[in-house]
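Step one of this worksheet: look at the structure below.
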Amino acid sequence: MAKYRAALIGCGGKGRDHTNTLIKNELVDLVAFCDIREEALQAYQEMYGVSALYTDYQEMFEKENLDLVVISTQAPQHHATTLAAATHGCHVLCEKPMAVTLGEADEMVAACDEAGVRLSINHQKRASAYNAYAKKLIADGEIGEIFLIRAYEKGGRKAGNAMMEMGTHLFDWVHNFGGEVSWADAHITAADSLEAGPQDIKHSQEVNPRDRDAGLVIGERAFCSFGFTNGIHADCDFLAESQANDRAYGLDLIGTKGRIALRRSVATVMFIHRGEFMTPVEGHQWEPVSLPDEDSITGQHLETRDINSVLQSRLIQSLLEPDCPDADPISSGREGRASLEMIHGSWESHRQGGRVAFPLKDRSHPLERWREEAS
Ligand SMILES: NC(=O)c1ccc[n+]([C@@H]2O[C@H](COP(=O)([O-])OP(=O)(O)OC[C@H]3O[C@@H](n4cnc5c(N)ncnc54)[C@H](O)[C@@H]3O)[C@@H](O)[C@H]2O)c1
């Protein structure tokens with residue numbers, strides 16, 4: 001069987017992870033690497049032996065007749081590279097956060113729709129079987145009617161950077177269970193715990209030079225609430241704890257008869273509590289729930305990086321050989337855009353001092369607008 005021709009743009013840290021996933025994938029032939037840094041291309045060639053190397057992605061698209069590209073650059077490059085892929089009829093797995101502005105995200109979705117190619121954003125948690133199982137438990141009435149989602153960030157970053165790094169995954173996870181967002185209402189504080197203002201708007205790498213370029217960000221802590229069109233409410237706090245703790249990261253899905261806890265950013269840990277109240281007293285037990293098919297292959301326990309690879313492979317499968325060709329792929333561009341809209345909606349709501357309705361009308365960067373208006 002002929003394999004799909006695949007390439008990677010962005011031979012940095014996360015690119016290695018994508019390369020390992022692509023090499024193992026039996027559907028694809030990894031034929032080219034692209035990076036603007038020659039030394040990165042040389043290092044990748046030594047590690048993986050792919051011979052076609054490009055410093056210009058346009059040239060790569062023109063010469064390689066690709067079926068799939070994985071875009072693993074930082075956020076500011078996601079828009080132009082996705083548009084180029086769509087022009088060349090190539091399906092796209094693009095890293096998170098999807099883009100820097102909603103306007104860019106809109107254009108990425110539209111370009112892929114018009115070209116008839118599929119776009120998926122690497123919020124790989126979407127592909128976890130734990131989500132489907134939690135949804136089944138909810139549909140079966142195991143925790144009654146779900147009315148509240150509480151989401152917990154893992155810490156280790158100030159709120160602005162946290163929202164664009166892990167918050168984009170967390171909001172996507174919330175969106176997966178909450179559905180269509182109706183409004184956002186957020187309160188963001190600065191280092192002195194007082195209201196963050198335009199003077200606190202910074203570039204992500206000004207906040208922390210070791211973090212990635214995620215454009216403008218704001219705030220030490222953020223307290224974000226969302227209403228969904230189905231009546232579900234969600235609260236997501238970014239508390240700027242100094243140490244990151246992935247075990248704390250996750251969601252509580254709270255229903256009228258119990259709750260489900262999902263934790264960890266990649267290898268999911270799940271619990272269910274059957275009861276109306278959940279307080280730290282005797283008799284209020286969380287029962288662990290495990291899905292052996294997701295945590296192991298043929299009985300062998302999988303490490304987190306292997307589970308990551310399994311999840312990313314599911315996204316690739318849904319781009320190349322979807323069960324329903326007319327449906328969006330897993331973790332679609334539309335879903336990735338919804339997560340970015342939750343971030344920008346939080347910033348816009350803080351700026352306005354109240355709820356903002358979705359979809360946001362102005363698709364430019366809310367912090368850029370605020371800074372310009374204040375200057
Ligand atoms: N989904 C996840 O689990 C996960 C985990 C880590 C990182 N990420 C995301 O992956 C992306 C990459 O992160 P990273 O840490 O690997 O960054 P990185 O800086 O290490 O790698 C990015 C690479 O892109 C290259 N690049 C920049 N502009 C380019 C262009 N125009 N054409 C070709 N190459 C170009 C850079 O030279 C660099 O080698 C980010 O968006 C990040 O948020 C996602």
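Every number for a ligand or one of its atoms is a count from 1 in the order of the listing.
Salt-bridge formation is not detected for the pair K158/D211: no Lys NZ or Arg NE/NH1/NH2 atom is positioned less than 4.0 Å from an Asp or Glu carboxylate oxygen. Electrostatic pairing of R351 and E348 counts as a salt bridge here, judged by a charged N lying under 4.0 Å from a carboxylate O. The pair E95-R212 does not meet the salt-bridge criterion, since no charged nitrogen lies less than 4.0 angstrom from a carboxylate oxygen. Salt bridge D17/R305: absent, no basic N to carboxylate O contact under 4.0 Å.
The shortest N/O to N/O separation between Y57 and ligand 1 does not fall below 3.5 Å. Between A40 and ligand 1, no pair of N/O atoms sits closer than 3.5 Å. Residue K14 has at least one N or O atom closer than 3.5 Å to an N or O atom of ligand 1. Some N or O of N122 is nearer than 3.5 Å to an N or O of ligand 1, by distance alone.
Side-chain atoms of K125 do not come within 3.5 Å of backbone N or O of D172 as any donor-acceptor pair. Looking at H365, its side chain never comes within 3.5 Å of a backbone N or O of T101 through a donor-acceptor pair.
Considering T19, L30, L22, V31 in turn, L30 is the only one that fulfils the side-chain contact (heavy atoms from CB on, under 4.5 Å) rule with V50.
Ligand 1 has H169 within reach: a non-hydrogen atom of the residue lies less than 4.0 Å from it. Under the 4.0 angstrom criterion for non-hydrogen atoms, R16 is not in contact with ligand 1.
Of the protein's non-hydrogen atoms, Q124 NE2, 2.9 Å is the one closest to atom 3 (O) of ligand 1. Nearest protein neighbour of atom 7 (C) of ligand 1, counting heavy atoms only, is R212 NH2, 3.3 Å. What sits closest to atom 18 (P) of ligand 1 on the protein, heavy atoms only, is Q74 NE2, 3.8 Å. What sits closest to atom 41 (O) of ligand 1 on the protein, heavy atoms only, is K96 O, 2.8 Å. Protein heavy atom in closest approach to atom 31 (N) of ligand 1: I36 CG2, 3.9 Å. Among protein heavy atoms, atom 20 (O) of ligand 1 sits closest to G13 N, 3.0 Å. S72 O, 3.2 Å is the protein heavy atom nearest to atom 12 (C) of ligand 1. Atom 10 (O) of ligand 1 has as its closest protein heavy atom E95 CG, 3.1 Å.
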- Step by step, work out the side chain to side chain donor-acceptor pair (under 3.5 Å) result for T21 and S309. CA-CA 5 Å; T21 301; S309 194; 3.0 Å; yes
- Item | side chain to side chain donor-acceptor pair (under 3.5 Å) evaluation trace for T168 with S339 | CA-CA 6 Å; T168 175; S339 168; 3.3 Å; yes
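The six-membered or imidazole ring of F171 lies near that of F238, with a centre-to-centre distance under 6.0 Å. A distance below 6.0 Å separates the ring centres of H344 and W347.
Contact annotation: for C11 versus ligand 1, heavy atoms closer than 4.0 Å belong to the backbone alone.
Per-residue contacts place G12 under 4.0 angstrom from the following atoms of ligand 1 (heavy atoms of the residue considered): 16 (O), 20 (O), 21 (O), 23 (C), 39 (O). Applying the 4.0 Å criterion to heavy atoms of H78 picks out, from ligand 1, the atoms 41 (O).
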